[in-house]
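In each ligand, atom 1 is the first atom listed, and ligand 1 is the first ligand listed.
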Amino acid sequence: MSQRVIFDCDPGVDDGVALLLAFSAKTELDLLGITTVAGNVSAELTARNACLIRDIAGRTDVPVFAGCTRPLVLEPIEAGHFHGESGLGDLPIGTPTRGAAREHAVDFIVRTLCDAAPESISLVITGPMTNVATALSREPRCLKGIKDLIIMGGARREGGNITASAEYNIYADPHAAQAVFNAGPRVWAFGLDATHQVRATPARTAAISAIGSPIARAAAQLIEFSNALPANGPRAQGSPLHDPCPIVWLLEPDLFEFLPCHVDVETESRLTLGHTAVEFRARADRAQNVRWAVHAESEGVFSLISRVFQA
Ligand code: RIB
Ligand code: CA
C-alpha cells in the first residue's frame, strides 16, 4: 500500500533531486501535497521551483502550497551560494505550467492532518521547519494525523555546515526546529552524520545521467551543480546528497541505521545558535522520541535512486 506523504521543502538543488525522486515513486508514495518554505531562497522562489520540478516530473496532479516567508523569530538567512540565484543551480528557468495553489501551506498541513485518520500521514521536511512548527502550534489537534516526522537536519559527529556547530536547516529557524523535535510524534532525523556518507561521486552522477530520461538528466544536472562547488569539497569525492535521504528511507528503510536519542536545539547562543544537542543516554524524565541516523548504505542509496528513475 502506498505511503501518504506531505513533503515540506525549500528547493534548493538537493530538494529538487528529492522531489524528482518522490514524484517518480508513483506506486510507493501517495504525495498529498508539496509545501514550500523560505530557506535556501525566498518563499516565492521555493514555491516556483517546486512547480518547475513538478513539471519536469510530469506530476501536475500533485498540488504545491507556498508557505512561510520568514523564520518564527530570527531574520531570514538564505543559502543561495549553494543553490545558485534561482535556487535550482543552472537548470533552465521558465514559467511553470501550473502555479502554487491559493491555500497557504500551513493551512493545508493543518487541514490535511486534522482530517486524516490517526497516524496515517508521514511528514517529510527538508528545509527550515517554519511551516510545520507554525501548523503544530496553531492546531495541536493535527498531531494525531502524523505517522512519522522525517527530517533532514542537524549535526552531531560531523559538526556544522553553516557555522562550526550548526547545520543550515536548523540554523535557519532554530525555534521551529526545537518545537518540531519536541512536538511528540516520533522523529527520524537525517543529519549531516548520515548525509555526509551519501556522496554523489562523478561515477554515481554519470550513472544517473546515463539513464537518459528528462527526470534523470535534470537530477544529474542538479547534482553536478553541487559537485562543481568548491565549498562541497573535491569533485572526486562528490557532494553530499542531503535531501533525498528521507525519501530513500521511505522507499527502502534498511539502507539506514539509527540510534534512539533526545534532541534539543540551541536558540539563544550567538556562538552555537542552531546546534543540535543529541543525547543518546536515556533519562527517566524524558522520552527518546528521535531516531538519529548514524549510518547510510551509500552504494544502496544510489542503486535505489537509479532504480526509481529507470522505472
Ligand atoms: O544542510 C543541508 C540542508 O540545507 C539541505 O536541506 C539543503 O537544501 C539546505 O537547505
Ligand atoms: Ca533543503
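Atom 8 (O) of ligand 1 has as its closest protein heavy atom Asp14 OD1, 2.6 Å. Remark: minimum distance from atom 6 (O) of ligand 1 to any protein heavy atom is reached at Asp243 OD1, 2.6 Å.
Under 4.0 angstrom from ligand 1, the non-hydrogen atoms of Asp10 all belong to its side chain. Contacts with ligand 1 closer than 4.0 Å are made by no heavy atom of Thr195, backbone or side chain. For Asn161, every heavy-atom contact with ligand 1 shorter than 4.0 Å involves the side chain, none the backbone. Only the backbone of Thr126 comes within 4.0 Å of ligand 1, counting heavy atoms alone; no side-chain atom from C-beta on gets that close.
Closest non-hydrogen pair, Arg199 versus Pro240, comes out as NH1-CD, 3.4 Å. The minimum heavy-atom distance between Ile208 and Ser306, with the atom names listed, is CG1-OG, 3.9 Å. Closest non-hydrogen pair, Ala50 versus Pro11, comes out as N-CG, 3.9 Å.
Between Phe225 and Phe82, the gap from one ring centroid to the other reaches at least 6.0 Å. When ring centroids are compared, Trp188 and Phe258 come within the 6.0 Å threshold.
Applying the 4.0 Å criterion to heavy atoms of Asp15 picks out, from ligand 1, the atoms 8 (O). Taking a cut-off of under 4.0 Å to the non-hydrogen atoms of Tyr168, the atoms of ligand 1 that pass are 1 (O), 4 (O), 9 (C), 10 (O). Residue Met152 has at least one heavy-atom neighbour below 4.0 Å for each of these atoms of ligand 1: 2 (C), 3 (C), 5 (C), 6 (O).
In the displayed structure, Gln237 atom CD is contacted under 6.0 Å by more than 12 heavy atoms of other residues, nucleotides or ligands. With a 6.0 Å radius and a threshold of 12 heavy atoms from other residues, nucleotides or ligands, Gln310 has its CD atom above the threshold. Shown here is Arg138, whose CZ atom has more than 12 heavy atoms of other residues, nucleotides or ligands within 6.0 Å.
In terms of N/O distances under 3.5 Å, ligand 1 is approached by Asn40.
Summarising the contacts of atom 3 (C) of ligand 1 with His196, Glu78, Glu167, the nearest heavy atom is found in Glu167.
Draw a line from the Ca ion (ligand 2) to OD2 of Asp243 and another to O of Thr126, and the angle between them is 90° (to 10°). Here the Ca ion (ligand 2) is the vertex; the OD2 atom in Asp15 and the OD1 atom in Asp10 give an angle of 70° (to 10°).
Contact annotation: Asn169 places no N, O or S atom under 3.0 Å from the Ca ion (ligand 2).
Looking at Pro71 and Pro128, their side chains never come closer than 4.5 Å, going by heavy atoms from C-beta outward.
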